[in-house]
Amino acid sequence: MHFGFHAPSPALVPLAAGIWFASSKGSASAPAAEPIVPDGFMELVFNLADPFVRLPPDGDTQQPLDLLVGQLTEPTTARSTGRVDLVGVRLRPDRAACVLGMPAWLLRNQLISAEQVFGSRLTELIEALADSADPGV
C-alpha cells in the first residue's frame with residue numbers, strides 16, 4: 001500500500017487540514033482488514049477503484065465510493081475488495097459545519113455516502129476541490 005499526505009492548497013486551507021491518498025494494485029490473496037482509529041477529524045473520501053467493506057460486529061457492509069466519515073469516537077475496521085485508489089480530504093474540525101451545512105455532531109460515528117449530505121452540491125464540491133488542487137503535488 002502506498003500512502004501519502006499533503007498540505008492543502010492555499011484555497012483549501014480555511015476548510016481542510018490536509019489531503020491524503022492511498023493506492024495499491026491489490027493482490028491475489030485476501031486483503032487484510034485495516035483499523036480506522038479516531039483522530040478527531042471528519043473526512044471526505046473518494047474511492048476511485050474497488051469498493052471497501054466495513055466490518056462491523058453485525059456483518060460486512062459495502063462502503064459507498066463517495067464516503068463522508070464523521071468524527072469517530074471508536075475504531076472501525078474496513079477491508080479492500082481489490083485495487084485501492086483513495087483520495088481523502090481531512091476537514092478542519094472547527095470548519096466542518098461550514099462545509100456540511102449542518103452541525104458536525106449529527107454525523108458522529110457515521111460512514112455514509114457524501115451524496116446523502118451534499119446532494120447535488122457534491123458535484124460542485126468535487127469541482128471546487130479539483131480547481132484548488134496544487135499541481136506541484
Side-chain angles (χ1 to χ4, degrees):
M1 177 81 68
H2 181 65
F3 184 82
F5 190 84
H6 298 286
S9 68
L12 286 178
V13 167
L15 301 175
I19 310 292
W20 59 267
F21 66 90
S23 62
S24 172
K25 293 183 181 182
S27 68
S29 62
E34 296 286 334
I36 302 166
V37 296
D39 63 6
F41 291 98
M42 293 187 75
E43 293 185 335
L44 283 167
V45 181
F46 300 100
N47 185 341
L48 308 174
D50 296 319
F52 272 69
V53 175
R54 185 175 178 199
L55 306 174
D58 57 347
D60 295 0
T61 306
Q62 185 170 311
Q63 293 182 341
L65 298 179
D66 61 334
L67 186 65
L68 177 61
V69 181
Q71 285 183 322
L72 299 176
T73 60
E74 55 192 34
T76 189
T77 305
R79 179 180 48 79
S80 167
T81 62
R83 289 182 315 107
V84 174
D85 191 2
L86 303 173
V87 177
V89 179
R90 185 170 284 173
L91 301 175
R92 292 172 43 107
D94 60 331
R95 303 295 295 163
C98 294
V99 175
L100 300 170
M102 69 173 63
W105 65 265
L106 290 173
L107 298 168
R108 186 177 301 131
N109 292 320
Q110 302 273 337
L111 283 86
I112 61 172
S113 170
E115 189 172 23
Q116 284 183 258
V117 174
F118 294 103
S120 62
R121 295 184 308 139
L122 184 59
T123 301
E124 295 170 26
L125 179 62
I126 292 169
E127 289 172 358
L129 290 170
D131 289 344
S132 67
D134 185 347
V137 293

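The residues of the chain are indexed from 1 along the displayed sequence.
In this structure, V37 shares a hydrophobic cluster with no other residue, the cluster being traced through Ile, Leu, Val, Met, Phe, Trp and Tyr side chains under 4.5 angstrom apart.
Residues forming a ring-ring contact (aromatic ring centres under 6.0 Å, His included) with F3 (at least two apart in sequence, or on another chain): W20. For R90, the salt bridge (Lys or Arg N to Asp or Glu O under 4.0 Å) test picks out D39, E43, with sequence neighbours left out. Under the side chain to side chain contact (heavy atoms under 4.5 Å, CB included) criterion, P35 pairs with no residue at all, not counting sequence neighbours. Listed by chain and number, the residues in a ring-ring contact (aromatic ring centres under 6.0 Å, His included) with F21 are H2, H6 (sequence neighbours excluded).
Atom CG of L12 and atom CZ of R92 lie 11.5 Å apart (nearest 0.5 Å).
Placement of L91 and V87 within a single hydrophobic cluster is found when ILVMFWY residues are connected by side-chain heavy-atom separations under 4.5 Å, directly or transitively. Residues F118 and L107 are members of one and the same hydrophobic cluster, defined by side-chain heavy-atom contacts under 4.5 angstrom among Ile, Leu, Val, Met, Phe, Trp and Tyr. When the side chains of ILVMFWY residues are joined at heavy-atom separations under 4.5 Å, either directly or via intervening members, V89 and L86 end up in two distinct hydrophobic clusters. Residues V45 and L48 fall into different hydrophobic clusters, defined by Ile, Leu, Val, Met, Phe, Trp and Tyr side chains chained together at heavy-atom separations under 4.5 Å. Hydrophobic clustering of Ile, Leu, Val, Met, Phe, Trp and Tyr side chains at less than 4.5 Å, counting indirect connections, unites L15 with L44.
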Output side-chain donor-acceptor pairs under 3.5 Å for residues 65-74, partner residues at least two apart or in another chain, one line each.
residue: D66; atom: OD1; partner: S113; partner atom: OG; Å: 3.0
residue: D66; atom: OD2; partner: S113; partner atom: OG; Å: 3.2
residue: D66; atom: OD2; partner: E115; partner atom: N; Å: 3.2
residue: Q71; atom: NE2; partner: G40; partner atom: O; Å: 2.6
residue: T73; atom: OG1; partner: N109; partner atom: OD1; Å: 3.2
residue: T73; atom: OG1; partner: N109; partner atom: ND2; Å: 2.7

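Of all heavy-atom pairs spanning A17 and F41, the tightest one is CB-CE2, 3.6 Å. Listed here is the closest heavy atom pair of P51 and T81: O-OG1, 2.6 Å. Annotation for P103 and A97: closest pair CA-CB, 4.4 Å, computed over non-hydrogen atoms. In this structure, D85 and A49 approach most closely via the heavy-atom pair N-CB, 3.6 Å.
Proximity of D60 to R79: side-chain heavy atoms (C-beta onward) are separated by under 4.5 Å at one or more points. Inter-residue side-chain proximity for V99 and M42 is flagged as unmet; no heavy-atom pair is nearer than 4.5 Å. Side-chain contact between M1 and V84 is present, with heavy atoms from C-beta onward closer than 4.5 Å.
Put simply, the side chain of R95 never gets that close to the backbone of V13: no donor and acceptor are under 3.5 Å apart.
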Self-check item: Stepwise side chain to side chain contact (heavy atoms under 4.5 Å, CB included) check, R54 with I36
Solution: CA-CA 10 Å; R54 185 175 178 199; I36 302 166; over 6 Å; no
